Protein chains: 2
Amino acid sequence: MVDNNIFDNNSLSRLIAEKITEEIITGKLKAGDKLIEANYAEEFGTSRAPIREAFYLLAIDGLVERIPRKGSVVKGYSERDIIDLLEIRMMLESLAIERIAELDTPESSLIHMEQLVNKMDLVDGDRLEYAMLNQKFHLGIIEMSKSDIIANMYSRLGLPLLSLQRLSFEWVENINKSLKEHHIILNHLRKKQFDDAKKVLIKHNQKVFNPRGKSQPSIKGFNN
Amino acid sequence: MVDNNIFDNNSLSRLIAEKITEEIITGKLKAGDKLIEANYAEEFGTSRAPIREAFYLLAIDGLVERIPRKGSVVKGYSERDIIDLLEIRMMLESLAIERIAELDTPESSLIHMEQLVNKMDLVDGDRLEYAMLNQKFHLGIIEMSKSDIIANMYSRLGLPLLSLQRLSFEWVENINKSLKEHHIILNHLRKKQFDDAKKVLIKHNQKVFNPRGKSQPSIKGFNN
DNA sequence: ACTTTTATTAATGTATACAATACCAGAACT
DNA sequence: AGTTCTGGTATTGTATACATTAATAAAAGT
């Protein structure tokens with residue numbers, strides 16, 4: 001028995017969930033948009049069953065909200081929500097660094113992170129591309145901690161933030177500072193100056209969001 | 001139009017999920033136990049569809065792990081996992097107190113919490129009962145923060161910890177100190193001494209885990 | 001005109017049936 | 001004995017059909 005081929009992404013539902021995730025992150029689907037099972041079933045040429053599963057997977061990642069007997073909508077986050085998400089993300093990353101300090105991080109991980117940061121230096125103007133790489137950087141720190149719990153918690157924050165950062169970046173002003181800080185954090189990690197790494201990381205996170213007065217859209221198609 | 005009756009717990013799946021949650025928390029179901037859709041379908045006299053949904057709800061709360069094409073099992077947590085869970089819980093509660101400090105907490109909330117703590121004083125020997133009340137206390141702090149995000153994150157931690165606390169309480173030794181601290185935290189909140197509340201809370205949480213007999217792979221030595 | 005009622009339609013919830021896959025025990029082979 | 005086939009069974013994955021509920025529109029009453 002040969003192993004699964006490339007297309008078998010562990011069942012349809014995962015594949016569909018990934019596709020919808022992409023649509024949310026790229027902004028094709030916006031907060032409040034209603035997701036209709038039948039529509040997607042037709043679009044993907046399947047029955048509603050795997051679509052439902054996909055919606056659940058998305059709900060776990062915090063991208064979709066399921067309202068019993070009403071349906072599934074793309075979850076919206078208020079300004080307050082985003083502040084809390086960022087705060088919690090920072091806490092998790094701080095904790096991750098504490099955990100990293102207790103381990104020997106293999107050279108390969110550090111190299112991987114450095115490659116990532118170098119790639120970010122070269123991005124020129126594509127917000128989505130930058131947001132994706134940035135996400136990978138933060139995720140990389142989480143993974144270095146080798147803590148399933150932290151990683152699990154983080155996954156609930158990461159994607160919603162990714163879908164928002166694209167919009168709310170103060171692109172021009174902060175990008176250069178942000179890039180430099182990534183390098184600094186990595187250097188501290190390499191030199192095992194974990195307290196310093198933490199300090200820079202905390203500052204780094206505190207500067208990410210500049211609220212701009214956008215409020216949460218209401219959900220269309222529902223009678224609230 | 002009269003509102004839904006008491007039995008309509010917003011669809012079967014929620015009800016089933018609650019029931020299974022109870023079985024996990026009370027220890028009837030143990031980590032690693034496999035959950036078979038068909039079995040539960042028969043037990044509840046339904047088809048497999050709502051059972052599946054229930055499993056997903058449990059997965060969101062971190063009580064069950066879904067492995068594609070294999071099934072659902074009661075999720076187990078290692079000692080390291082528990083340390084991380086507790087650490088994150090502490091962080092979230094700390095953050096919650098910061099948020100509380102920014103609000104006017106209504107008197108009714110404080111009274112509610114005080115009633116809870118008083119009830120805890122009276123519990124005599126029933127670990128599960130105490131663990132449940134303790135859970136409500138911690139949850140109460142989260143709710144006072146009025147942050148959906150914090151509450152959402154917390155729900156992923158709370159139930160797994162609840163299912164573990166019952167087993168590993170160092171009942172006699174620490175219970176009195178723990179009780180006192182609850183009162184102290186509440187008093188600080190009432191007097192708007194939020195920094196003090198936070199400090200006590202952090203200490204309260206840090207004492208929770210005492211890995212003493214490292215030989216034991218289980219969750220021994222975990223209390224609060 | 002405005003609200004309430006009623007019918008129609010759309011969408012989710014649940015049940016049943018079948019398909020694909022994983023699991024397991026026993027046979028065949030080395 | 002141990003390993004690899006092989007078949008049968010258990011269990012999840014998907015499809016289809018129907019039931020129930022929510023959203024929409026039209027009709028009736030005030």
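Being a predicted model, the structure only gives us computed values, none of them experimental. Lettering follows sequence order; numbering is per chain, from 1.
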How long is the line joining NZ of A/Lys70 and C1' of D/dA23, in whole Å? 9 Å

With sequence neighbours excluded, give me every salt bridge (charged side-chain N to carboxylate O under 4.0 Å, His left out) pair touching residues 108-119 of chain B. B/Glu114-B/Arg190

Its contact letters, B for base, S for sugar-phosphate only and - for none at protein heavy atoms under 4.0 Å, make nucleotides 14-19 of chain C read BBB---

Integer-rounded Å distance: D/dT12 P and B/Tyr56 OH: 12 Å

Describe the nucleic acid contact of B/Ile67 in one word from base, sugar-phosphate, nothing, applying a heavy-atom distance below 4.0 Å. nothing

Any chance CD of A/Glu43 has more than 12 other-residue heavy atoms, nucleotides or ligands included, within less than 6.0 Å? yes

Nearest whole angstrom, please: distance from the C1' of D/dA10 to the NZ of B/Lys34. 8 Å

Send over the distance from A/Asn39 CG to C/dT12 C1', rounded to a whole Å. 13 Å

Quickly work out the B/Leu35 CG to D/dA10 P distance and round it to whole Å. 19 Å

In this structure, how many angstroms lie between the C1' atom of D/dT14 and the CD atom of A/Glu37, rounded? 14 Å

Under 6.0 Å from the CD atom of B/Glu42, do we count more than 12 heavy atoms belonging to anything else shown? no

Tell me whether the NZ or CZ atom of B/Arg66 lies within the 45° cone about the ring axis of B/Tyr56 and under 6.0 Å from its centre. yes

For residues 140-149 of chain B, pull every pair meeting side-chain hydrogen bond (donor to acceptor under 3.5 Å, both in side chains), keeping only residues two or more places apart or in separate chains. A/Asp84-B/Ser147

How are the rings of A/His138 and A/His182 set relative to one another: parallel (under 30°), tilted (30 to 60°) or perpendicular (over 60°)? perpendicular

Could you tell me how far apart B/Leu57 (CG) and C/dG13 (P) are, to the nearest whole angstrom? 11 Å

Check every strand shown and say whether A/Ile51 touches a base, only sugar-phosphate, or nothing at a heavy-atom separation below 4.0 Å. nothing

Between C1' on D/dG13 and CD1 on B/Ile36, what's the gap in Å once rounded to a whole number? 14 Å

